[in-house]
Protein chains: 2
Amino acid sequence: MSEVTTGRRKPTLDTVAAEAGVSRATVSRVINGSPRVSPEVKDAVESAIGRLGYVPNRAARSLAMRRTDSIALVMREPDATVLADPYLGNIIIATSQALVGTGVQLVLVNARNDAEHSRLADYVRSGHVDGVLLASMHDDDPLPRLLLDAGIPTVVGGRPQRHMPGLSYVDVDNVGGAQLAAEHLLARGRRRIATIAGPQDMTAGADRLTGYQRAVAAAGRKADRVAHGDFTRESGEQAMATLLSRHPDLDGVFVANDLMAMGALRALRAAGRAVPADVAVVGYDDIEMARHTEPPLTTIHQPVIDQARTMTELLLTQIGGDPVGEPVVLPTELVERGSA
Amino acid sequence: MSEVTTGRRKPTLDTVAAEAGVSRATVSRVINGSPRVSPEVKDAVESAIGRLGYVPNRAARSLAMRRTDSIALVMREPDATVLADPYLGNIIIATSQALVGTGVQLVLVNARNDAEHSRLADYVRSGHVDGVLLASMHDDDPLPRLLLDAGIPTVVGGRPQRHMPGLSYVDVDNVGGAQLAAEHLLARGRRRIATIAGPQDMTAGADRLTGYQRAVAAAGRKADRVAHGDFTRESGEQAMATLLSRHPDLDGVFVANDLMAMGALRALRAAGRAVPADVAVVGYDDIEMARHTEPPLTTIHQPVIDQARTMTELLLTQIGGDPVGEPVVLPTELVERGSA
DNA sequence: CGCTCCCATGAGAGCGCTCTCATGAGATTC
DNA sequence: GAATCTCATGAGAGCGCTCTCATGGGAGCG
């Protein structure tokens, strides 16, 4: 191709060394900011670098250093869900922002099925990344175990179903958040409340149900009005319809995520129930859309940005050689809008 | 650290070669699927690989091959916008999905300001990626030019303001889409229509205004009712209020993106105008939220997924050595919901 | 004035892989 | 049966960088 036409090849360390009249080692020292270089030599090298437009080759560097200065963000999710739910998009962007200025690059890895999963394990072990961030894991996922055993620095987003000593994770206080939600309903005078729970094979789903039950029990009531959904809007709509037919008298509902809550709002509207007058609704996640529902959704805010940032920081210190610290659980808060 | 404790180092090509009783070159051939290897040797090597759990080192490979099998997705955007607008999240995820099975990795690069921009240019030139996907560029962006000149395969999402021969891009037919929107309003019998345009320094903003004007002119009317926003919901709300005060009689409005359209809906509601009875509203983008507004938003669907996929394919063929093809412009379509 | 010590610098050995080229055994040809 | 060809295989030279170790000149010491 045109590489030939341009004539000059890309400059290497040697080129710079020759231009500056020093050895390759010295140039390397200058680039890596070693203190044992005389100021004059340093200047000479830097000007040579500028003149040649030299840029270090990362592949060569990582081969020699045995590290890559990049981390992987691995997500496992069926396609449709990913696109409908802005959670992952936020995690991705927040992570990428947390990395700005660290010189560490973010590699995105999408593993949808098991085949891709095993290839992924190879990929990670091939030393292309220094560490791994795992987002949206399912409980049956073998990946955390694999990575842990392989000694690859790993941080999981959300609490893994099975506790693994030495695995670091950053969770959001799902139990506490759900408690907040239920308490809010109760504080608003609602007495015949119910919940639409998420999938119980995801810790977020299970924990939120637990928190709800705990708060209701603490108020001396029975938490026996439970319907289940799978975190999609449609399932929320359906679950709400079910609840309404089973408990026509209910006056408040905690929905385990905002997407389902939007479905619930629709079902309530279809059933002619006014929100919050007849039925108060509290969601969970505080996605962007929650501001724009009719009425705007009262919901539990998830510190997604904080979570991504914390995960990244944890991973970087782990890569830096620090021991694996305690898991971190971030607090949640209730955002009061119109629906409860 | 504990690397020492584990004893065995990670296996390399040499390890495998020794285990299989062949030379390094032969193992390399097997790994790269060269036909000039006898079946017996191939089996022996593969079983040795399995036994040792060997995984090729990517850094070494890319050093030797002068390519990295990874591409960068560069986005430039102020933080807040990124998070509010799911567009980027979709682009990211669609790109990552388009890459599944190609063996190419996605590196995410977030360049928010000029300083990061110049570092980015270095990064790309350091040969860490084989090509670059540019998302959400502003017109004043020097990056496309830089990359083009450096001979780095690049594909831009959206049409760059200034035409650059040899720069490949994938645009969405903004002019056509806006025409569709305006024609829809006119076909619905609306005669006193207006538009809320986006930033005119972004081609999407300018093109959508052009399309609107073209359709209105084609209908023999004047397109002189224009307010401007910056693609945020708040600006849409404000622009709508302005339009209402300037043209109290208007009965239809084309809003250049859904976020602003949501703001417009709110302003209309605040002004006591019924949608679509009093004022019909057509948005642009078909973001997820558009389904959930009250009433659901009639809007122009952007083929974001297609766009990302096309960009990726274009980039990969370019990296493969094919000449830079013609820019691609993807068609849009109108999605009729409740608002118009 | 001779000795040791310090520190800037250079030489050179890898890091793990690919690829060219040489080699030699077996197949093919007349 | 000798010459030619084919093709699997091996040897070895890089790819561009870091890092250890050797070197030698000048400062510091007695």
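These numbers come from the heavy atoms of this one structure, side chains and all, not from hydrogens, waters or symmetry mates. Bear in mind that the values here come from a model prediction, so they are computed numbers and not experimental data.
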Using a cut-off of strictly less than 4.0 Å, decide whether [X] has a side-chain nitrogen or oxygen near OP1 or OP2 of [N].
{"X": "Asn32(A)", "N": "dT18(D)", "result": "yes"}
{"X": "Ser28(B)", "N": "dC17(C)", "result": "no"}
{"X": "Thr26(B)", "N": "dG10(D)", "result": "yes"}
{"X": "Thr12(A)", "N": "dG16(D)", "result": "no"}

Under a 3.5 Å distance rule, please check whether [X] uses its side chain to pair with a backbone N or O of [Y] as donor and acceptor.
{"X": "Gln307(A)", "Y": "Val170(A)", "result": "yes"}
{"X": "Asp130(B)", "Y": "Asp69(B)", "result": "yes"}
{"X": "Arg159(B)", "Y": "Tyr169(B)", "result": "no"}

Mind calculating the distance between [atom1] ([X]) and [atom2] ([N]) to the nearest angstrom?
{"X": "Arg67(B)", "N": "dC17(C)", "atom1": "CZ", "atom2": "C1'", "value": "13 Å"}
{"X": "Asp43(A)", "N": "dA8(C)", "atom1": "CG", "atom2": "P", "value": "15 Å"}
{"X": "Ile49(A)", "N": "dC17(D)", "atom1": "CD1", "atom2": "P", "value": "10 Å"}
{"X": "Leu63(B)", "N": "dC17(C)", "atom1": "CG", "atom2": "P", "value": "12 Å"}
{"X": "Lys42(A)", "N": "dC7(C)", "atom1": "NZ", "atom2": "P", "value": "18 Å"}
{"X": "Arg29(B)", "N": "dC19(C)", "atom1": "CZ", "atom2": "C1'", "value": "9 Å"}

Side chain of [X] (C-beta onward), nearest among [options]:
{"X": "Asn57(A)", "options": "dC17(D), dC7(D), dA8(C)", "answer": "dC17(D)"}
{"X": "Ala64(B)", "options": "dC17(C), dA8(C), dC17(D)", "answer": "dC17(C)"}
{"X": "Leu13(B)", "options": "dC17(C), dT9(D), dG16(C)", "answer": "dC17(C)"}
{"X": "Tyr54(B)", "options": "dC17(D), dC15(D), dC17(C)", "answer": "dC17(C)"}

Exercise for review: Decide whether Arg51(B) and Ser47(B) meet the rule of one side-chain donor and one side-chain acceptor closer than 3.5 Å.
Suggested key: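 Yes, because at least one side-chain N or O of Arg51(B) sits under 3.5 Å from a partner of the opposite role on Ser47(B).
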Check your understanding: If you find the nucleotide of DNA chain D closest to Arg36(B) and the one closest to Ala59(A), which residue's nucleotide is nearer the 5' end?
Key -> Arg36(B)
Point to revise | Upstream residue (5' side of DNA chain D) when Met65(B) and Glu40(B) are each assigned their closest nucleotide | key: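 The residue whose closest nucleotide sits nearer the 5' end is Glu40(B).
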**Study point:** Atom of Pro160(B), atom of Val156(B) and distance for their closest heavy-atom approach
**Key:**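 That closest heavy-atom pairing would be CG-CG1, 4.4 Å.
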**Study point:** Sugar-phosphate only, base, or nothing, as touched by Asp14(A) at under 4.0 Å among non-hydrogen atoms
**Key:**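 No contact.
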Check your understanding: Base, sugar-phosphate, or nothing: which does Arg24(B) touch, judged by heavy atoms less than 4.0 Å apart?
Key -> base
Review point. Is any N or O donor-acceptor pair between the side chain of Arg58(A) and the base of dG16(D) shorter than 3.5 Å?
Key: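 Side chain to base: no pair below 3.5 Å.
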Review point. Does any donor-acceptor pair link the side chain of Arg66(A) with the base of dG16(C) at a separation under 3.5 Å?
Key: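 For Arg66(A), whose side chain was compared with the base of dG16(C), there is no donor-acceptor pair (under 3.5 Å).
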